[in-house]
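Bear in mind that the values here come from a model prediction, so they are computed numbers and not experimental data.
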Amino acid sequence: MKYWLMKSEPSEVSIDDALRHGAAPWFGVRNYQARNFMRDQMQIGDGVLFYHSSCDEPGIAGIAEVASTAYPDATQFDSKSYYFDPKSTVENPRWILVDVKAIRKTRLLGLAEMRSDPDLASMVVLQKGSRLSITPVTATEWKAVLKLLDKSK
DNA sequence: GCCAACGTTGGC
DNA sequence: GCCAACGTTGGC
């Protein structure tokens, strides 16, 4: 059982969208490191912090879980898709994904509040220059985040 | 809109 | 394989 933080732009897929859709493919990852986490390390049932990025209020917006093992991202084969990759083939797909199931929406846990918690000092997403859309979360960080979410700020 | 940080590309 | 140029991310 591992824990992850996964970024989504709410203008594309927000936590509300994810809750409506149930388990859905986490399409569009085009970064090898993030892909490799999904391919090599994610297991069904892993905990996911659903993070809103590139928006007015960046931060953790919900809790989700990994709902499938890895399989090819269909959007890479769709020439009309923004995520189309002409260099990828069905025989040898370059991009894979997992299904993610949103479990609940939380209050918005912003970056400033996260940075104020010493238990989160080493959290990858808080490091300077960290842009990776999928990052590992330690069990300690997971617990600390849940604890912060329980506080009514 | 700015800009730092990082990833990718491609010429050599 | 190096590395400069370019593109992208994402908070501010």
Rounded off to whole Å, could you give me the [atom1]-to-[atom2] distance for the [X] and [N] pair?
X: Asn31(A); N: dT9(C); atom1: CG; atom2: P; result: 10 Å
X: Arg131(A); N: dC12(C); atom1: CZ; atom2: P; result: 16 Å
X: Asp85(A); N: dT8(B); atom1: CG; atom2: P; result: 12 Å
X: Ile60(A); N: dG11(C); atom1: CD1; atom2: C1'; result: 15 Å
X: Glu12(A); N: dT9(C); atom1: CD; atom2: P; result: 10 Å
X: Gln33(A); N: dA5(B); atom1: CD; atom2: P; result: 17 Å
X: Met6(A); N: dT9(C); atom1: CE; atom2: P; result: 16 Å
X: Leu132(A); N: dT8(B); atom1: CG; atom2: C1'; result: 15 Å

Check every strand shown and say whether Glu9(A) touches a base, only sugar-phosphate, or nothing at a heavy-atom separation below 4.0 Å.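 Nothing: the residue Glu9(A), judged by heavy atoms under 4.0 Å, touches no strand.
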Which one, [options], comes nearest to the side chain of [X]?
X: Lys7(A); options: dA5(B), dG10(C), dG11(C); value: dG10(C)
X: Leu111(A); options: dA5(B), dG10(C), dC12(C); value: dC12(C)
X: Tyr32(A); options: dG7(C), dT8(B), dT9(B); value: dT8(B)

Is a side-chain donor or acceptor of Asp150(A) paired with a backbone partner of Lys147(A) at a separation under 3.5 angstrom?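 Side chain of Asp150(A) to backbone of Lys147(A): no pair is present.
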Has Tyr51(A) got a side-chain N or O lying under 4.0 Å from the OP1 or OP2 atom of dG11(C)? yes
Which residues in residues 120-129 of chain A have a heavy atom closer than 4.0 Å to any atom of DNA chain B?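 Under 4.0 Å from DNA chain B: Lys128(A), Gly129(A).
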Taking the ring of Trp95(A) and the ring of Tyr32(A), is the distance between their centroids below 6.0 Å? yes
Output field: ring centroids Trp26(A)/Phe50(A) closer than 6.0 Å: yes
Over 60° means perpendicular and under 30° means parallel, so classify the ring planes of Tyr83(A) and Phe27(A), tilted if in between. perpendicular
Would you tell me whether Glu9(A) and Ser53(A) have side-chain atoms, one donor and one acceptor, within less than 3.5 Å of each other? no
Arg94(A)/Asp85(A) salt bridge by N-O under 4.0 Å criterion: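 Arg94(A) and Asp85(A): salt-bridged.
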Check: Thr135(A) and Trp4(A) side chains under 4.5 Å, non-hydrogen atoms: no
